[in-house]
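Single-structure report; data block below.
Whatever order the structure lists ligands and atoms in, that order sets their numbers, starting from 1. No hydrogens, no waters, no symmetry mates; every other heavy atom, side chains included, goes into these values. If you read the sequence from its start, that first residue is 1, and numbering goes on from there.
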Amino acid sequence: MLYEGKAKQLFSTDRPDEVRVYFKDDATAFNGEKKGTIQSKGVLNNSISTFFFELLKTHGIPSHFIKKIDDRNMLVKKLSIVPIEVVVRNIVAGSLSKRLGWEEGRKLSQSVVELYYKNDALGDPLINRSHAAALGIATSSQLDTLEELGTRVSDVLTKFLADKKLLLVDFKLEFGLYDGQILLGDEISPDTCRFWDSATNEKLDKDRFRRNLGNVEGAYQEIWRRLGGGN
Ligand code: UDP
């Protein structure tokens, strides 16, 4: 094992430029203060992330994804991670609602792109482009690429999910460098996105865990079902 995160483990392979991601059932929230497990989450997030990475590829958006190996394992390109979380928002929720005092569910007149400095000890603070440049964690042209890819991912997924009667409220992306190129990394799943049923606004994502709303596993299963997956 090379690294253990909150929801995934990374393993080396016999190729130095490829790693295996193992998806766990462990869930954490509020910077690790709330801990639990969501049964079958690892299996569902592996399938859901595979689905989204493949969809994005057909739209020309490059990621670390190579292939799904089995239920809980995915083969990916080994990235040198850019320590920035890119959050794209289409509807107000979560920390944006608190920061600006806007009610959850308000549709944004345009997408909002935010940058967070990936640093557990600091609790991943919100930063702007000049902080990122001063920290030396990304060049201005790399930041352009992160923001452009974030917006393109949002457009592709929003349109796709609308047909599945799902709203893409907001989501978080991570990126890394591979052979000098910026690739999308990490995962795209109900752990990292807010999905609401478009008819009822029912939450079908990790907010069910964060806010103790119950039926967490059922929500992840429902997302996979709407993407066309089985159990
Ligand atoms: N998010 C994430 N990991 C984080 C923080 C946020 O995947 O460490 C995702 C979260 O699931 C949501 C979006 O980014 O889809 C925006 O999260 P927000 O800033 O509202 O934070 P929260 O209120 O969820 O802590």
Side-chain angles (χ1 to χ4, degrees), residues 3-8 21 23-36 38 41-42 44-46 48-49 52-53 56 63-64 81-108 110-128 131 137 146-147 149-151 153-158 160-161 166-176 184-198 201-213 216 219-220 222-223:
Y3 172 79
E4 174 148 27
K6 293 168 196 141
K8 299 187 287 300
V21 181
F23 286 78
K24 303 193 283 184
D25 288 346
D26 297 350
T28 64
F30 314 120
N31 204 24
E33 274 170 46
K34 181 176 164 80
K35 288 193 175 68
I38 300 169
K41 175 170 83 83
L44 289 160
N45 281 359
N46 189 24
I48 294 167
S49 291
F52 284 136
F53 284 135
L56 291 170
S63 79
H64 67 161
I81 287 291
V82 176
I84 294 176
E85 297 188 346
V86 178
V87 168
V88 183
R89 303 174 181 275
N90 301 308
I91 294 172
V92 173
S95 67
L96 182 66
S97 163
K98 294 203 184 85
R99 186 174 313 115
L100 296 186
W102 284 348
E103 93 232 60
E104 274 205 327
R106 172 175 176 157
K107 193 171 174 346
L108 291 160
Q110 58 178 82
S111 295
V112 168
V113 182
E114 297 172 342
L115 308 176
Y116 292 84
Y117 178 30
K118 241 175 103 64
N119 183 312
D120 277 342
L122 297 176
D124 298 344
L126 179 68
I127 57 171
N128 64 26
H131 292 122
I137 52 180
L146 299 195
E147 292 180 350
L149 287 173
T151 307
V153 169
S154 182
D155 289 346
V156 170
L157 297 190
T158 296
F160 178 83
L161 292 167
L166 289 169
L167 295 172
L168 180 62
V169 173
D170 58 30
F171 59 93
K172 182 261 305 180
L173 300 176
E174 296 187 27
F175 295 88
L184 184 56
D186 197 43
E187 66 180 281
I188 304 177
S189 73
D191 271 11
T192 61
C193 305
R194 285 192 171 99
F195 300 116
W196 292 357
D197 179 277
S198 56
N201 280 358
E202 184 189 4
K203 298 181 198 318
L204 296 170
D205 56 58
K206 194 171 154 186
D207 270 348
R208 302 202 72 83
F209 170 77
R210 294 189 188 98
R211 303 178 188 191
N212 301 314
L213 299 176
V216 186
Y220 284 61
E222 178 62 13
I223 294 298

Phe53 vs His64, test: side chain to side chain contact (heavy atoms under 4.5 Å, CB included). Steps then yes/no. CA-CA 9 Å; Phe53 284 135; His64 67 161; 3.6 Å; yes
Within the heavy-atom cut-off of under 4.0 Å, ligand 1 is lined by Glu85, Val87, Arg89, Ala93, Gly94, Ser95, Tyr116, Asp170, Phe171, Lys172, Asp191, Thr192, Cys193, Arg194, Arg210
Could you please spell out the steps behind the side chain to side chain contact (heavy atoms under 4.5 Å, CB included) verdict for Leu166 and Leu168? CA-CA 7 Å; Leu166 289 169; Leu168 180 62; over 6 Å; no
Evaluate salt bridge (charged side-chain N to carboxylate O under 4.0 Å, His left out) for Glu174 paired with Lys8, printing each intermediate quantity in order. CA-CA 14 Å; Glu174 296 187 27; Lys8 299 187 287 300; over 6 Å; no
Rounded at 0.5 Å granularity, tell me how far CG in Leu204 sits from CD1 in Ile223. 4.5 Å
Asp170 vs Arg194, salt bridge (charged side-chain N to carboxylate O under 4.0 Å, His left out): CA-CA, chis, key distance, verdict: CA-CA 5 Å; Asp170 58 30; Arg194 285 192 171 99; 2.8 Å; yes
Would Asp191 and Lys6 pass as an ion pair if we require N to O under 4.0 Å? no
